[in-house]
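Lettering follows sequence order; numbering is per chain, from 1.
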Protein chains: 2
Amino acid sequence: MIIIEYNHMGVDKLNLIEIFKALGDKNRIRILNLLIRQELCVCEIETVLNMTQSNASRHLNKLKTSGIITSEKESQWVYYKVDNKFIEENSLLYEFIKNMTVENTQLQRDLERLNRYKNSNFTCEQLREDKREVLKYLRGNVSK
Amino acid sequence: MIIIEYNHMGVDKLNLIEIFKALGDKNRIRILNLLIRQELCVCEIETVLNMTQSNASRHLNKLKTSGIITSEKESQWVYYKVDNKFIEENSLLYEFIKNMTVENTQLQRDLERLNRYKNSNFTCEQLREDKREVLKYLRGNVSK
DNA sequence: TGATTATATTCAATTATAATCATATAATAG
DNA sequence: CTATTATATGATTATAATTGAATATAATCA
């Protein structure tokens with residue numbers, strides 16, 4: 001039997017469609033916006049973007065299976081970052097995304113929260129111990 | 001009453017998410033691949049890509065509402081082309097898309113069909129009169 | 001070992017998207 | 001005006017994507 005897959009796009013040049021699909025979601029763009037600046041673990045992303053753990057994990061997985069980011073496990077934490085291969089093979093797209101993030105106010109607000117978090121010297125352990133305190137700090141209600 | 005749209009991306013820099021969503025579909029990429037080379041009306045796209053009229057029309061509409069293409073009516077035909085504003089404001093993305101299309105075999109096959117069609121001197125009127133003949137020609141079964 | 005914790009995954013509900021068929025609209029031709 | 005035709009749009013169905021809550025897994029800690 002011959003199966004003709006008339007409508008498929010072939011296998012060349014990875015799965016461009018999957019990449020665009022992965023980029024076509026607000027939450028994933030917000031995550032990517034952070035990862036462009038620095039490697040982060042799930043609990044940090046979750047906190048800075050104020051999203052549920054399972055949602056953050058799922059969106060990270062989608063970005064990963066489309067080849068945009070990679071992950072690395074360090075003891076109990078999983079750190080995510082933009083995949084170097086993706087950057088090399090899709091440099092125009094990557095530059096476009098980077099440029100676009102600086103022109104969006106929501107994404108810039110997210111980066112401010114990221115910077116607040118990073119400057120605070122809070123660690124993943126502190127997130128566990130008093131996440132409420134960390135969130136308050138990120139909102140700007142508490143000085144550290 | 002104050003409505004806080006906590007999760008929206010703001011209105012800056014058009015709707016990037018919508019653009020990525022529009023690009024995250026095989027049929028729309030195939031259409032865009034053609035329009036990058038030249039302005040075409042719906043019946044031509046429909047014929048070259050061998051898709052139904054309503055499907056072509058819907059995908060064109062999605063590309064249009066996301067700001068990637070524009071249309072212009074000429075008598076009974078509607079011609080679509082890539083929006084110059086889109087190209088100017090998203091040049092890196094546009095270059096990326098163009099490059100990617102030449103690396104994909106399905107999309108190159110589509111372009112061969114487009115060229116066959118254009119070289120045939122078939123017109124939209126002929127599509128109406130004998131679409132079956134035009135399709136045969138595009139498949140390569142008939143010489144003209 | 002047992003308890004805790006970071007992350008991933010499953011389930012169920014909801015919502016969005018895509019495709020097809022039929023019909024509407026607007027332009028043209030006679 | 002009527003018939004035809006190019007395109008758009010409804011309505012429907014099928015499929016896929018998104019989410020929160022709960023649970024599973026794997027690592028760490030005591």
task: Any strand is fair game: report the nucleotide pairing with dT23(D) by Watson-Crick or G-U wobble, both distances under 3.5 Å, or none.
output: dA8(C)
field: Whole angstrom value for the distance that separates P of dA8(D) from CD of Glu46(B)
entry: 11 Å
Separation of dA16(D) C1' from Ile17(A) CD1 (nearest whole Å): 15 Å
Donor on one side chain, acceptor on other, Tyr117(A) and Glu44(A), under 3.5 Å: yes
query: Which one, dT7(D), dT20(C), dT10(C), comes nearest to the side chain of Ser54(B)?
result: dT20(C)
task: Send over the distance from Phe20(B) CZ to dA17(D) C1', rounded to a whole Å.
output: 18 Å
message: With a 4.0 Å cutoff (strictly under), does any side-chain N or O of Asn55(A) reach OP1 or OP2 of dG20(D)?
response: yes
query: Considering all heavy atoms of both residues, which atom of Leu32(B) and which atom of Ile69(B) are nearest to each other, and what is their separation?
result: CD1-CG2, 4.2 Å
task: Answer yes or no: does atom NZ of Lys118(A) have more than 12 heavy-atom neighbours from other residues, nucleotides or ligands under 6.0 Å?
output: yes
query: Whole Å only: how far is the CD atom of Gln53(A) from the C1' atom of dA26(D)?
result: 13 Å
- line: Here the distance between atom C1' of dA6(D) and atom CG of Leu60(B), to the nearest Å, is 13 Å
field: Shortest side-chain distance from Ser57(B), nucleotide among dT9(D), dG20(D), dT7(C)
entry: dT9(D)
- prompt: So, the side chain of Ser57(B) versus the backbone of Gln53(B): is there a donor-acceptor pair under 3.5 Å, distance only?
  reply: no
- request: Compare side-chain N and O positions of Asn61(A) against OP1 and OP2 of dT7(C) and report whether any pair is under 4.0 Å apart.
  value: no
- prompt: Between atom CG in Asp25(A) and atom C1' in dT17(C), what is the gap in whole Å?
  reply: 14 Å
message: Atom CD of residue position Glu72(A) - does it have more than 12 heavy atoms of other residues, nucleotides or ligands inside 6.0 Å?
response: no
message: Return the pairing partner of dA30(D) with a 3.5 Å limit on both distances, Watson-Crick or G-U wobble; otherwise return none.
response: dT1(C)
- request: Mind calculating the distance between CG (Leu63(B)) and P (dA18(C)) to the nearest angstrom?
  value: 11 Å
query: Quick one: is dT19(D) close enough that its OP1 or OP2 comes under 4.0 Å of any side-chain N or O from His59(A)?
result: yes
- line: From CZ of Arg58(A) across to C1' of dA13(C) the rounded distance in Å is 12 Å
Donor-acceptor contact below 3.5 Å, side chain Asn15(B) vs main chain Glu18(B): no
message: Hydrogens and angles aside, do Thr101(B) and Arg30(B) bring a side-chain donor and acceptor to less than 3.5 Å of each other?
response: no
message: Check this one for me: any side-chain N or O of Arg28(B) less than 4.0 Å away from OP1 or OP2 of dA18(C)?
response: yes
- request: Kindly state which residues belonging to residues 72-82 of chain B come within less than 4.0 angstrom of DNA chain C, counting heavy atoms of the residue only, listed by number.
  value: Lys73(B), Ser75(B), Gln76(B)
